[in-house]
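The sequence lines fix the lettering, A, B, ..., with proteins before strands; numbering per chain opens at 1. The figures that follow rest on heavy atoms only: side chains count, while hydrogens, waters and symmetry mates do not.
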Number of protein chains: 2
Amino acid sequence: MVDVPELVAQAREGRPRAVARLISLVEGASPQLREVMAALSPLTGGAFVIGLTGSPGVGKSTTTSALVTAYRKAGKRVGVLAVDPSSPFSGGALLGDRVRMSEHASDPGVYIRSMATRGHLGGLAWAAPQAIRVLDAAGCEVILVETVGVGQSEVEIAAQADTCAVLLAPGMGDGIQAAKAGILEIGDIYAVNKADREGADATARELNHMLGLGEARGPGDWRPPIVRTVAARGEGIDQLVEAVEKHRAWMEEHGALTARRVRRAAAEIETIAVTALRTRLADVHGDRRLAALASRVVAGDIDPYRASDAFLADLTGVGG
Amino acid sequence: MVDVPELVAQAREGRPRAVARLISLVEGASPQLREVMAALSPLTGGAFVIGLTGSPGVGKSTTTSALVTAYRKAGKRVGVLAVDPSSPFSGGALLGDRVRMSEHASDPGVYIRSMATRGHLGGLAWAAPQAIRVLDAAGCEVILVETVGVGQSEVEIAAQADTCAVLLAPGMGDGIQAAKAGILEIGDIYAVNKADREGADATARELNHMLGLGEARGPGDWRPPIVRTVAARGEGIDQLVEAVEKHRAWMEEHGALTARRVRRAAAEIETIAVTALRTRLADVHGDRRLAALASRVVAGDIDPYRASDAFLADLTGVGG
C-alpha cells in the first residue's frame, strides 16, 4: 500500500514523481483511490483551469506550449493535461514540436501529463477531473487542459474548464467545422492561430459573424473576444493571456466562476455515481442479468426501454 | 400525437419522410419515444451494421459513398448514419463531395441521416443506437455508420458495429495517430485509402507491423485484413465489400455476430438506464441536492466520492 499522506506531502513540494504516482493512482481506479481523493480535497481550489480545444492542425499544442512559457515568466506553477491524441505532449508529434516541448520538460515549475484513457470505466469524463484535482492539490496555479475539438467527451472536458479557449486556423474551412462540432457554443475566448497566413482575416470575419448569430447577449454578458496569434513565434500570446485574465475577472465579478465550478463538480459527482452503480450491478449479478436482457433485445423479444426498466428494478427495487 | 403504427408501416414501405419522422422522435426524446421503440423492436435484426472510422481527411465519406454504390448495385437497401462533423453527409463538405453524395440523395433505396447530437441527455451513445434501430426496422439491409476516429464516444460507436472498418491514408503519420486514438484495437478490417499516393506501401507495412504486435491470435481467430482503396475512383471497393462479407461469414460461423450484438444491446440498455436514473433524480430533488453537494466539493469540504455516496444513498436507499 502507498503511504498516501506522504505522497501528497511530496506532491505539494512539487516533486514530479509524487505527482505522477498520484495521477496513476486516481487514473487507474486503485483501491486507494478514495483515500487519495479524500486527502486531496481540502488542498484543491487554488488552480485556474484553462481548456484549449480546436480541430487537429490548428496549433493547440504550440499554443499550449507558448502559454506555459508566458505563465512561467509570470512566476506561476503550471500543469498541462493533454487529452489530445495528436498532441506532442501525448507523444504523437512532429519532431519540431517535441523539441519545443522539451524546454518545459526540464522545468521543475511545469508538470506535463498526457491521458491514455480509452477502456476506462467512465472514460475521459471520469479520469480528467481527477487528474486536474491532483495537479491542483500539487500547487499548480494554472492548469492547461488540451483536448481535440472533435469528440463529444473531449469537447465537454474543455467546456468545463474555468475558461475555455477555442482555436481556429485560416484556410481549413474551420468556421463550418467548428459550428458542426459544436465548439462555437463553448468558447469564452477564440483564437485565430497562424494569423500570418492567408485567409486569417476571412476566418476572423466569418467567426465574428457566426458568434454574432448566436443567442442575444445582454449588456452585462460576456462577449467572447477573438484574439490573433502566431503561437509558433509567440505572437499574440500576451493578448491571449490578457483575454483569459479579463474573462476570469468578469466571472469573479458576476459570481460566474463559482457557478461554473459547481457545475463541473456536479458533473464529476454524477459520473462517479454512475460508475459506482455500474460496478455495483456487475458485482452482484448485473453482468449476467444484463446479458440475458440484451439477448432478448437482440431477438426482438423486448425493446431496450423495457429491458432498462427491468434492469433498474433489479437495482433500486423501483420500476421505471 | 403521432400515429406510431401508421408511421412505422410507412417506414417499412420505404417512405423517407416516415423514416425521418421516426428518427426525429427517437432522437428528440419525444413523449412517444417508448411507444416508437416498442413498435420497432420486433422488426429489427435484419440489418448488417458496418462502422467506418478514421482520422479527418482519410476519405471516410468518399468510401461510404462508394460502398453505398456497391451495395445498391447488389440490390440492397442501404442506410447511412453520419456521426462525423466533417462528413459531407452532415453538411460540412467540399463541393465535390456534395456532388458525389447527391446521386444517392435521389435514390429511394438509400436513406441518409446525419446526427447532431450535442447537448442530448445521453449524447451519441444514446441517440446513435436508436437511429440505427429505426433504419433497421425500416428495412435497410446494410447500415453504414460513419464516425470520426478521434473522440471517445465516436470511436466506441464504430467499435460496436457488426463489422468495424478503420480507414487510414498515406503520409498523415497515421500509424501513430491511429495507435494513439486507440483505433488499432477496434478494426475488423483496415483500409489504406488514397492508395495511389506516395507512401501507401509504407503505411500498409507500418499498419501490418503494428497489427502484428497486438495480442497473439489463435489459429481460429480473425486476422484483420488490410485492403487498399482509391475510393474516389471506386478502386478496391469490391475488395472492401468482400472483406466485410468474409468477416460476417466468420462471425456467423463462430457465433461472434450474436455475441457482438448482445454486447451492443447491453451497452444500449445501460445507457438508457443511466439516463433514466438521471432524469428521475432531476425530477424529484436531484438537481438541487446535487448542486448542494457540488458546492461542498468546490469548497473542499468533502471529496467527490463522498458526495457521490450521499447522492446515491438518496436515490437507492443504499450507501456507497
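Shown here are the side-chain contact (heavy atoms from CB on, under 4.5 Å) partners of Ile302(B), two or more places apart in sequence or in another chain: Leu293(B), Arg296(B), Val297(B), Arg306(B), Ala307(B). With sequence neighbours left out, the side-chain contact (heavy atoms from CB on, under 4.5 Å) criterion links Pro31(A) to no other residue.
A salt bridge links Arg113(B) and Glu27(B); the closest N-O separation between the charged side-chain nitrogens and carboxylate oxygens is under 4.0 Å. Contact check on Asp162(B) versus Arg261(B) returns a salt bridge, with a Lys/Arg side-chain nitrogen under 4.0 Å from an Asp/Glu carboxylate oxygen.
In terms of non-hydrogen atom pairs under 4.5 Å with chain A, the most contact-rich of Thr44(B), Leu40(B), Ile272(B) is Ile272(B). Ranked by heavy-atom pairs under 4.5 Å with chain B, the first of Thr258(A), Val298(A), Val262(A) is Val262(A). Note: Pro304(A) leads Ala265(A), Gly300(A), Pro304(A) in heavy-atom pairs under 4.5 Å with chain B. Ranked by non-hydrogen atom pairs under 4.5 Å with chain A, the options Ser295(B), Ala273(B), Ala299(B) are led by Ala273(B).
Between Glu35(A) and Tyr305(B), the side chains place no donor N or O within less than 3.5 Å of an acceptor N or O (distance only, hydrogens not considered).
Only the side chain of Arg133(B) comes within contact range of chain A, with heavy atoms under 4.5 Å apart. Residue Arg264(A): no heavy atom, backbone or side chain, is found under 4.5 Å from chain B.
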